[in-house]
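Lettering of chains follows the sequences in order, A, B, ..., and the numbering in each one begins at 1.
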Amino acid sequence: MQYWLIKSEPDKWSWDQQKAKGEAGEEWDGIRNYQARNNMRAMEIGDKAFFYHSNIGKEVVGVVEVCSDIHPDSTTDDPRWECVDFKAVCDIPQPVTLAQVKAEPRLEKMSLVTSMRLSVQPVTEAEWKVVCEMGGLKEPA
DNA sequence: GCCAACGTTGGC
DNA sequence: GCCAACGTTGGC
């Protein structure tokens, strides 16, 4: 079981839209970056990920779960691009902002800080717990 | 809206 | 295989 963080501009695909998909989940398409794709290839069904709003909000707003194996990205014919599906698990009661993450010494090595532009990133178990705690989740999701 | 950071593309 | 040009991301 591994942890991840996925980014979305709420203008394009918001947490509310993700939640509206419910158990069916939604294909995480549109990723056109090798490192991000490689991270998705490493995912397994049941892995958890933070849902981060970039640009507007700049905060971790929810938790999602991987609910499909890697498969071709339906928005392109280019066989290089693959993706997985995610379904919403729960809200973060108090969204954790980028500023808070940057201000927290335990998160200084988090990819969100060090690899700002990577849109699908790994999160360590230690980082996962810290963010859950900051977000007001009693039990790490 | 600007611009810095960084990934990708393409000419050589 | 190098590197300049270009496009995109994303914080501010």
Side-chain angles (χ1 to χ4, degrees), chain A residues 1-138 140-141:
Chain A
M1 162 88 165
Q2 295 181 84
Y3 298 104
W4 312 91
L5 180 144
I6 57 175
K7 293 193 206 174
S8 183
E9 295 185 38
D11 273 1
K12 293 174 182 158
W13 183 255
S14 72
W15 175 234
D16 283 340
Q17 286 172 289
Q18 181 70 48
K19 279 195 291 187
K21 286 286 175 179
E23 282 294 305
E26 178 74 3
E27 173 177 286
W28 202 253
D29 55 35
I31 300 296
R32 300 291 182 266
N33 170 286
Y34 293 107
Q35 210 180 337
R37 184 213 56 194
N38 289 344
N39 285 336
M40 286 198 288
R41 281 183 174 172
M43 291 180 186
E44 292 177 4
I45 292 176
D47 280 359
K48 298 280 177 28
F50 287 128
F51 192 104
Y52 175 81
H53 273 168
S54 63
N55 254 314
I56 302 167
K58 286 169 292 182
E59 57 194 9
V60 177
V61 290
V63 174
V64 293
E65 182 178 317
V66 178
C67 64
S68 85
D69 287 317
I70 193 84
H71 60 79
D73 183 331
S74 70
T75 62
T76 176
D77 290 332
D78 192 328
R80 290 178 299 171
W81 304 124
E82 301 175 308
C83 62
V84 299
D85 297 1
F86 291 104
K87 66 177 182 185
V89 173
C90 64
D91 290 303
I92 300 276
Q94 304 155 240
V96 179
T97 66
L98 180 62
Q100 284 177 277
V101 169
K102 285 184 170 171
E104 170 54 61
R106 287 177 293 170
L107 299 177
E108 66 181 358
K109 299 232 175 62
M110 195 171 172
S111 297
L112 195 59
V113 180
T114 60
S115 315
M116 206 221 311
R117 296 187 52 208
L118 185 59
S119 53
V120 177
Q121 0 181 300
V123 174
T124 68
E125 191 175 353
E127 289 161 352
W128 182 269
K129 285 178 179 164
V130 172
V131 174
C132 285
E133 173 194 316
M134 290 167 76
L137 283 174
K138 296 273 189 284

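Within the structure, the ring-ring contact (aromatic ring centres under 6.0 Å, His included) test picks out no pair touching residues 88-110 of chain A (sequence neighbours left out). Residues in residues 92-112 of chain A take part in these salt bridge (charged side-chain N to carboxylate O under 4.0 Å, His left out) pairs, two or more places apart or across chains: Glu104(A)-Arg106(A), Arg106(A)-Glu133(A).
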Quiz item: Could you write nucleotides 6-11 of chain C as a row of B, S and -, 5' to 3', where a protein heavy atom under 4.0 Å of any base atom gives B, of only sugar-phosphate atoms gives S, and otherwise -?
Solution: --BBBB
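Looking at residues two or more places apart in sequence or on another chain, you find a side-chain contact (heavy atoms from CB on, under 4.5 Å) between Cys67(A) and Asp85(A), Lys87(A). Judged as a side chain to side chain donor-acceptor pair (under 3.5 Å), and not counting sequence neighbours, the contacts of Glu82(A) are Arg41(A).
Judged by distance alone, the side chain of Gln18(A) and the main-chain N or O of Phe86(A) form a donor-acceptor pair under 3.5 Å.
Ring-plane geometry between Tyr3(A) and Trp128(A) is classed as parallel, the angle between the planes falling under 30 degrees on a 0 to 90 degree scale with a further cut at 60.
Aromatic ring centres of Tyr34(A) and Trp81(A) lie closer together than 6.0 Å.
Overall, the helix from dG1(B)-dC12(C) to dC12(B)-dG1(C) carries an axis bend of 10° between its ends, with five pairs at each end and the value rounded to 10°.
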